[in-house]
Amino acid sequence: MKTKMIWIGIPAILFIIIAFWLVIFFMPLLVICSPGMYLPAIIGSGFANPSINESFIMFISIFSFLIGLSILVPQFRKMYYTFPWLYPYVKVLFIDYIICILTIMIVNFGYTEDGDSRKLLFKILAILFLIVARLVQCVYFKYRKSTALGGQ
């Protein structure tokens, strides 16, 4: 029985070591840097870049998979009980990342066709979407507090 518990614990420890640091350090960098990296590249070139959408889909898929695994698998979920601040942190960053991705996709969609008025319109739409989405996120977290797993 004890060796079975050890074999169950090894994947959990490896997951915590790998995914925990990935989510804590890499995800905030993406949330902060992705609009700063990709928006000037799209605006400066004047053309849409479809590979940007593909890379975002890949990143969001990886983070979604890691976050889903960490919540659904009981051995992995223990890290949220060990670090109670981690679950709200992951939840807020994940929503921020989705907002940044959608903003960049709006600008990218606006730059698919040529026309200065269309590009300006989609820049304004992206800025408005970013502001409104962050305000909606703030209101959501004001009324639905993001607590640690287990309600602590």
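Everything quoted here is computed from the prediction, not taken from an experiment. Side chains included, hydrogens not; waters and symmetry mates left out as well; all remaining heavy atoms used.
- Checked against side-chain contact (heavy atoms from CB on, under 4.5 Å), Val92 has the following partners two or more places apart in sequence or in another chain: Asp96, Gln137, Phe141.
- Remark: Leu128 engages Ile124 in a side-chain contact (heavy atoms from CB on, under 4.5 Å) (not counting sequence neighbours).
- Hydrophobic clustering places Ile99 together with Tyr140 (ILVMFWY residues linked when any side-chain heavy atoms are closer than 4.5 Å, directly or through intermediates).
- In this structure, Met105 is a member of the same hydrophobic cluster as Leu121, with clusters built from ILVMFWY side-chain heavy atoms closer than 4.5 Å.
- Nearest heavy-atom pair, Gly110 versus Lys119, reported as atom, atom and distance to 0.1 Å: O-CG, 4.2 Å.
- Under the 4.5 Å side-chain heavy-atom criterion for ILVMFWY residues, a single connected hydrophobic cluster contains both Leu135 and Ile127.
- Here CD1 of Ile106 is found 6.5 Å from CG of Leu125. Values are rounded to the nearest 0.5 Å.
- In this structure, Lys123 and Tyr111 have side chains that are in contact, with non-hydrogen atoms separated by less than 4.5 Å.
- Take Phe122 and apply the ring-ring contact (aromatic ring centres under 6.0 Å, His included) test, not counting sequence neighbours, and it matches Phe109.
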